[in-house]
2 protein chains.
Amino acid sequence: MAEERKWQILRAIIDDYIATAEPIGSRTIARKSGLGISPATVRNEMSDLEEMGFLEQPHTSAGRVPSLKAYRYYVDCLMSPPVISEQDIAFIDNWYRNKVRSLEEVFQETAKIIARFTRNVSLVVSPQFSQCRFRYLQFLPLDDDRAIAVVVTDNGLVENRIINIPGGVDFADLQRIAQAITNRIAGQTVEAINDIDWRGLMDCTLPGGEVIDRAVQVVRQTLLASRRQKIHLGGTTQILDQPEFRDSNRARNLLSVLEEERVLCDILDKGNEDQGDGLIITIGRENKFSGIQDCSIVQATYRLNGQTVGKVAVLGPTRMEYGRISAILGFMRRHIDEVARRIGQN
Amino acid sequence: MAEERKWQILRAIIDDYIATAEPIGSRTIARKSGLGISPATVRNEMSDLEEMGFLEQPHTSAGRVPSLKAYRYYVDCLMSPPVISEQDIAFIDNWYRNKVRSLEEVFQETAKIIARFTRNVSLVVSPQFSQCRFRYLQFLPLDDDRAIAVVVTDNGLVENRIINIPGGVDFADLQRIAQAITNRIAGQTVEAINDIDWRGLMDCTLPGGEVIDRAVQVVRQTLLASRRQKIHLGGTTQILDQPEFRDSNRARNLLSVLEEERVLCDILDKGNEDQGDGLIITIGRENKFSGIQDCSIVQATYRLNGQTVGKVAVLGPTRMEYGRISAILGFMRRHIDEVARRIGQN
DNA sequence: ATTAGCACTCTATTTGCAAGAGTGCTAATA
DNA sequence: TATTAGCACTCTTGCAAATAGAGTGCTAAT
């Protein structure tokens, strides 16, 4: 029982700190915990908790603040189980219903919703097609000296680029070039395509050498683009309202991290080694990336078409509402596939 | 002559204030102006300038600070003519040479360069094709129940979208639908297309009604997207280094303005009524949009293919290096077309 | 085991004071 | 007449001491 009470007090402290961002004193907890306990008793328990490494004192006469270890214990054992209210669900559903027109927009809007509900920075990583293969190349007419090269991959990604047609090549030639390229490399990945020798592609000699070069380049870029994941951010401005970012240095630090897409990818990948399912919570210095070591990250993976996966995540000060945020991300990860399907397009 | 000296002093004050962000006293000017004049004389002149509305005193015993009117006079008559050094030109040229692969990237990189050179926020508005017309629609095969709709506009914009093929429609039907739609509306703008009655499009009845709906929707969206201008931002983080944004409220204010693309468009459009050519400088409260009334904007228009136009702009505190910034934007506006051409694509 | 009481510690705020920077004015100067 | 030196005055900034407040730790009583 004595043990049990300690955790109740710890929870009360963390809950309060999450809400107020101020160090908590024994009086406050004695009042708010609802345990019918005097401040002196709370002080004793707090002293124990500090010795156990769960609490820290900014200075002797301030209240106490949860340590990393406390947050960890909190999310693992203490916090009330993540639930999301019917009301929130209804709001989210309604939000999507009118707004979404393309897959890109699903991600963008999801980022906005998460940011809005969590009051932190949200990150939505669009899925990464780890192996994508070339399906076909086709040219469409544009004008006398330009054509549109359209590349289609087997995961349904389509990209186009305008290319110049050199003199002496007519549209029929282009069609044959497209056919020849397609025949040669359909089903190949980027790596394979990089190694191919294009000489002797056509059975007859054409003056269209540079068209081939350019077309192959478009093909390659499409495949590369397809496997690159893109990160959609939300709430980057509102995060500055959080008291921990009053200090403009910290604010700038965070913002410059958010500006670097590659860094963000690394940060999120790091937490991924764990399970591929469920939520991963990384707290404070558990994260190895400088610049956000006083921040926590909650991330979850989602599926699209039951197969390819991306991530939704929230980044904010360690003092974040882990429960609420987990609930929202948990809902989103289950929901996002359905929303994507609803726009009749993958 | 007396007049002439006043302006020299005013210029010295503004130059110094732009460099230091601190109110300037008479001693400083007496030393730096190079006029061989005592502080007392400068004080008299400054007193005059204040009465004329060019200077302001934060408080009695501080130095003085340029007013909006002073900045206006400075950019109109006082500042040294904008020049950009050979060195800078070389740097910029070299920057582009390797980086740029697509038109989108030209804008993105341009924003980065401008931000880097001016140490302020840069804005690059991609061109707005005010009237764009539908050229043709084509379907490409994807799999049994999906196809790719490709729309081409007469300004060379290409967009694609995946659509579902309802049962009972085969690919040949799709081709005929595309042909019919193209015949019906080639050369039309969005407005015209919105008014068209699509019933009776096909001479025979097809079960592909929803395909037509969806295809028309894609056409419409393409035309709309083509005329929508997109804004590329640069330097949004580094601007926080400027002393005027130490105050985190101001910083947040600015950042939330920058987050709203539509607001930015409005802000830039406002200054556009003037000439279509050359540089437009909007100083402080000359700008009517709240949230950036202590900022100035320098903007210039550029041409692409000698016809469609977009904008490059710099946004920062009123205390900005108008001369340098004008020079850089002036160079960019002349340069951007050439860079775009260099990637062999419009 | 709990709690009331009290001395102690540390921060944050206020107050007063001196230094510094800059001005405005007046009288002397070229 | 324009310029300048000199000086009193004002206002900010920085610093130190004093004060109030919040919270703790310990002891003794319950």
Side-chain angles (χ1 to χ4, degrees), chain A residues 1-10 12-17 19-67 70 243-244 246-247, chain B residues 1-10 12-17 19-67 70 243-244 246-247:
Chain A
M1 132 147 211
E3 277 298 284
E4 178 56 25
R5 194 179 60 181
K6 253 188 192 49
W7 303 138
Q8 286 182 292
I9 289 173
L10 182 57
I13 292 171
I14 297 177
D15 283 338
D16 202 74
Y17 186 67
T20 65
E22 303 276 315
I24 322 293
S26 51
R27 274 183 65 90
T28 319
I29 293 305
R31 253 188 291 112
K32 291 197 185 172
S33 72
L35 291 171
I37 268 176
S38 83
T41 311
V42 176
R43 274 205 287 283
N44 290 330
E45 299 283 29
M46 283 171 97
S47 186
D48 290 356
L49 284 167
E50 181 166 2
E51 206 164 342
M52 296 160 74
F54 288 106
L55 294 179
E56 287 162 2
Q57 269 187 309
H59 55 259
T60 332
S61 87
R64 284 171 167 102
V65 160
S67 67
E244 15 275 287
R246 281 290 162 71
D247 175 23
Chain B
M1 125 135 217
E3 278 298 285
E4 179 54 25
R5 194 179 60 181
K6 255 189 191 48
W7 304 138
Q8 284 182 291
I9 288 174
L10 182 57
I13 292 172
I14 297 178
D15 283 339
D16 202 74
Y17 185 68
T20 65
E22 304 276 315
I24 322 294
S26 51
R27 274 182 63 89
T28 317
I29 293 305
R31 252 187 292 114
K32 292 196 185 173
S33 73
L35 291 170
I37 269 177
S38 83
T41 312
V42 176
R43 275 205 287 283
N44 290 331
E45 299 284 27
M46 283 170 98
S47 185
D48 290 356
L49 284 167
E50 181 167 4
E51 204 164 344
M52 295 160 74
F54 288 105
L55 294 179
E56 287 162 2
Q57 267 186 311
H59 53 82
T60 335
S61 86
R64 286 171 165 101
V65 160
S67 68
E244 16 274 289
R246 282 289 162 72
D247 175 24

message: Nearest 0.5 Å, please: how far is CD1 in A/Ile13 from CD1 in A/Ile29?
response: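 Spacing of CD1 (A/Ile29) from CD1 (A/Ile13) equals 5.0 Å.
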
Interatomic distance, B/Ile14 atom CD1 to B/Phe54 atom CZ [nearest 0.5 angstrom]: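 So the gap between those two atoms works out to 8.5 Å.
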
- prompt: Taking a pair as Watson-Crick (N1 to N3 plus N6-O4 or O6-N4) or G-U wobble (N1-O2 and O6-N3), both under 3.5 Å, which stems of 3 or more consecutive pairs involve DNA chain D?
  reply: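 So far as stems of 3 or more pairs are concerned, DNA chain D shows C:1-30 with D:1-30.
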
Find the distance [X]:[atom1] to [N]:[atom2] and express it as a whole number of Å.
X: B/Glu22; N: C/dG20; atom1: CD; atom2: P; answer: 18 Å
X: A/Glu50; N: D/dT24; atom1: CD; atom2: C1'; answer: 10 Å
X: A/Ile13; N: D/dG23; atom1: CD1; atom2: C1'; answer: 13 Å
X: B/Asn44; N: D/dG6; atom1: CG; atom2: C1'; answer: 14 Å
X: A/Lys6; N: C/dT2; atom1: NZ; atom2: P; answer: 10 Å
X: B/Glu56; N: C/dG22; atom1: CD; atom2: C1'; answer: 17 Å
X: B/Glu45; N: C/dG24; atom1: CD; atom2: P; answer: 13 Å
X: B/Arg43; N: D/dC7; atom1: CZ; atom2: P; answer: 13 Å

Side-chain heavy-atom pair [X], [Y] within 4.5 angstrom cut-off:
X: B/Asn44; Y: B/Ser47; answer: no
X: B/Ser26; Y: B/Met46; answer: yes
X: B/Arg5; Y: B/Ile37; answer: yes
X: A/Leu55; Y: A/Leu10; answer: yes
X: A/Gln8; Y: A/Leu35; answer: yes

From the list [options], which nucleotide is the closest neighbour of the side chain of [X]?
X: A/Met46; options: C/dT3, D/dT24, C/dT23; result: D/dT24
X: B/Ala40; options: D/dA5, D/dT24, C/dT2; result: D/dA5
X: B/Arg5; options: D/dG6, D/dT4, D/dT3; result: D/dT3
X: A/Ser26; options: D/dT24, C/dT2, D/dC7; result: D/dT24

query: Restricting to pairs with a member in residues 20-41 of chain B, which pass salt bridge (Lys or Arg N to Asp or Glu O under 4.0 Å), not counting sequence neighbours?
result: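 Checked against salt bridge (Lys or Arg N to Asp or Glu O under 4.0 Å) - neighbours excluded - the pairs reaching residues 20-41 of chain B are B/Asp16-B/Lys32.
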
message: Both A/Gly25 and B/Ile37 contact DNA chain D. Which one's nearest nucleotide lies toward the 5' end?
response: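 Upstream on the strand: B/Ile37.
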
- prompt: Between residues 57-64 of chain B and DNA chain C, which residues have a heavy-atom gap below 4.0 Å?
  reply: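 Heavy-atom cutoff 4.0 Å gives B/Gln57, B/Thr60, B/Ser61, B/Ala62, B/Gly63, B/Arg64.
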
field: For the student: nearest non-hydrogen atoms of B/Ser33 and B/Ala12, plus distance
entry: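 It is CB-CB, 4.3 Å.
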
- prompt: Has the side chain of B/Arg27 got a donor or acceptor atom sitting under 3.5 Å from an opposite partner on the base of C/dG20?
  reply: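 Donor-acceptor pair under 3.5 Å: no.
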
